[in-house]
Amino acid sequence: MSDLTPLQKTLLDWFEENRRDLPWRKRYDPYEVWISEVILQQTQMDRGVQYIERFLERFPTMESLAEADEEEVLKLWEGLGYYARARNLLLAARQMVAEHGGAFPEDVQTARALPGVGRYTAGAVLSQAYNQEEPIVDANVERVLSRLFDVDAPIKSSQAQSFLWETARSLIPKGRAREFNQAIMEFGNLICGKKPSCMLCPLTEQCEAHYLGIVDHRPVPAERRPAVPVEVASGVLVHKGYIFIQKRPEDGVWPGLWEFPGGNVEKGETPAECVVREFMEELEWDVETAEKIAIIRHGYTTFKVTLLAFLLRFKDEHEGWPEPVLHAATEGQWVSFAELDKYTFPAGHRKLIDMIARDMRYAWFV
DNA sequence: TTCCGGTCTC
DNA sequence: GAGACCGGAA
């Protein structure tokens, strides 16, 4: 019956030998495949697997997720980044329970109408869970195909992308989409990685880029522009041993996460002046800086952020708890240091909390 | 310090 | 078609 091409056969055989045990490969349950794919969208496999296991343990079914609290979903997501994924996951689960009987749709159009489900995720779930002959092109597949077929256009260009999707579709052996799509992705992960192991590769004879000696130049990356440096100041306002935090708006950066108020340091002001100004603008509170706590650096693709954190106190005496007038948040809270654990913070602010916890100078309110 | 990655929005 | 969204590994 073997009407497989050599390329298909090699990849399928290789996968049979080298298939890793991963959470969604136990059952290929559509819900579990979907959760896994969304978590792995921007996450290294080793870290992602732990998040997948934790997530599926807490929310084992579509129904359990649909009933979940957004705060709890975000808390499980803390540290993964791209928090819109978590929010879309919850929205999509609710939509599937309401409109699709709690099941992941079996056709591409319906699947792609779900929030957070694009071309890749739709193909990944439909092929792996339902064995449908839908292609997937992720970064692994991009590497494998751009090398095998020497794709010289920039990998994200529409020219390259349409070639990749068409090719990925044409390569799927009849009735074996589940195996084949996993095979090519696993292969792109373990053999044809960023640093390819051509010595171990069973496909070198069919690999155009290998023949030309340009494997390291495929795929052709998009040009990137240099990261813009940004200076940010945030304040940890302590009043009667409690700390003020606020919940970010539903859109923009870190949607729905909690933070210490602050903002960009403008030209001509010091970070300390900035944080005082920000507290006035965002909360209408008159504060002063008590001391500088820490400098935290974190890099992004488009920005490199230097976060300067200050310990703050109110300028005037306050008997009770002053009410903030929220201008940059949907909620505000006074919490004890221990209670910070229950809230979801961006990684930089979580780092700041850890630094405070370890620093003896702050033992009086920690 | 540089690099990586799906989806959504504009 | 370009840029925003995030964090950690290399």
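Convention: sequence-line order gives letters A, B, ...; per-chain numbering from 1. Excluded from the calculations below are hydrogen atoms, water molecules and symmetry mates; all remaining heavy atoms, backbone and side chain alike, are included.
With respect to Arg25(A), the side chain to side chain donor-acceptor pair (under 3.5 Å) criterion is satisfied by exactly one of Gln128(A), Glu32(A), Gln182(A): Gln182(A).
Rounded to whole Å, the distance from CD1 on Ile39(A) to P on dG8(C) is 15 Å. Rounded to whole angstrom, the span from the CG atom of Leu89(A) across to the C1' atom of dG6(B) amounts to 14 Å. For the pair Met185(A) CE and dG6(B) C1', the interatomic distance rounds to 13 Å; values are reported in whole Å. Taking atom CG on Asp251(A) and atom P on dG3(C), their separation rounds to 21 Å, with Å as the unit. When rounded to the nearest whole Å, the span between NZ of Lys351(A) and C1' of dC6(C) equals 12 Å. One interatomic measurement links the two molecules: CG of Asn88(A) to P of dC5(C), which rounds to 15 Å at whole-angstrom precision. One can place OH of Tyr83(A) at 18 Å from P of dG6(B), the figure rounded to the nearest angstrom. Here dC4(B) presents its P atom at 18 Å from CG of Asp46(A), a figure rounded to the nearest Å.
The residue Val117(A) sits close only to the backbone: its heavy atoms come under 4.0 Å of sugar-phosphate atoms, none of a base. Nucleic acid contact for Arg85(A): none, since no nucleic acid atom lies under 4.0 Å from a heavy atom of the residue. Contacts of Thr121(A) with the nucleic acid, taken as non-hydrogen atoms under 4.0 Å apart, involve only primed sugar atoms and P, OP1 or OP2. Within the nucleic acid shown, Asp138(A) comes within 4.0 Å of sugar-phosphate atoms alone, with no base atom in reach, counting heavy atoms only. No engagement by Lys156(A) is indicated, since no non-hydrogen atom pair under 4.0 Å with the nucleic acid exists.
OP1 or OP2 of dC8(B) has not a single side-chain nitrogen or oxygen of Arg112(A) nearer than 4.0 Å. Of the side-chain N and O atoms in Ser158(A), one or more sit less than 4.0 angstrom from OP1 or OP2 of dG1(C). Taking only side-chain nitrogens and oxygens, Trp254(A) comes nearer than 4.0 Å to OP1 or OP2 of dG7(C).
Picking from dC5(C), dA9(C), dT7(B) the nucleotide with the shortest atom distance to the side chain of Arg119(A) gives dT7(B). Nearest to the side-chain atoms of Val253(A) among the listed nucleotides dC5(C), dG7(C), dG5(B) stands dC5(C).
In terms of position along DNA chain B, the nucleotide closest to Pro221(A) lies nearer the 5' end than the nucleotide closest to the other residue of the pair Pro221(A) and Leu114(A). If you find the closest nucleotide of DNA chain C to Ser157(A) and to Phe345(A), the one lying nearer the 5' end belongs to Ser157(A). Nearer to the 5' terminus of DNA chain C, by closest-nucleotide assignment, is the contact made by Leu80(A) (compared with the other of Lys195(A) and Leu80(A)).
Ion pairing between Glu179(A) and Arg19(A) fails under the 4.0 Å rule for side-chain N and carboxylate O. Ion pair Asp341(A)/Arg350(A) flagged as a salt bridge, since at least one NZ, NE, NH1 or NH2 atom sits closer than 4.0 Å to an Asp/Glu carboxylate oxygen.
The base of dG5(B) lies outside donor-acceptor range of the side chain of Gln41(A), with no N or O pair under 3.5 Å. Between the side chain of Tyr82(A) and the base of dG7(C), no donor-acceptor pair under 3.5 Å is found.
Ring geometry for Trp285(A) versus Phe279(A): interplanar angle under 30°, hence parallel rather than tilted (30 to 60°). Taking the six-membered ring where the residue is Trp, Phe163(A) and Phe149(A) present perpendicular rings, their angle passing 60° and hence far from 30°.
The 12-atom threshold is exceeded at CG of Asp69(A), counting heavy atoms of other residues, nucleotides or ligands nearer than 6.0 Å.
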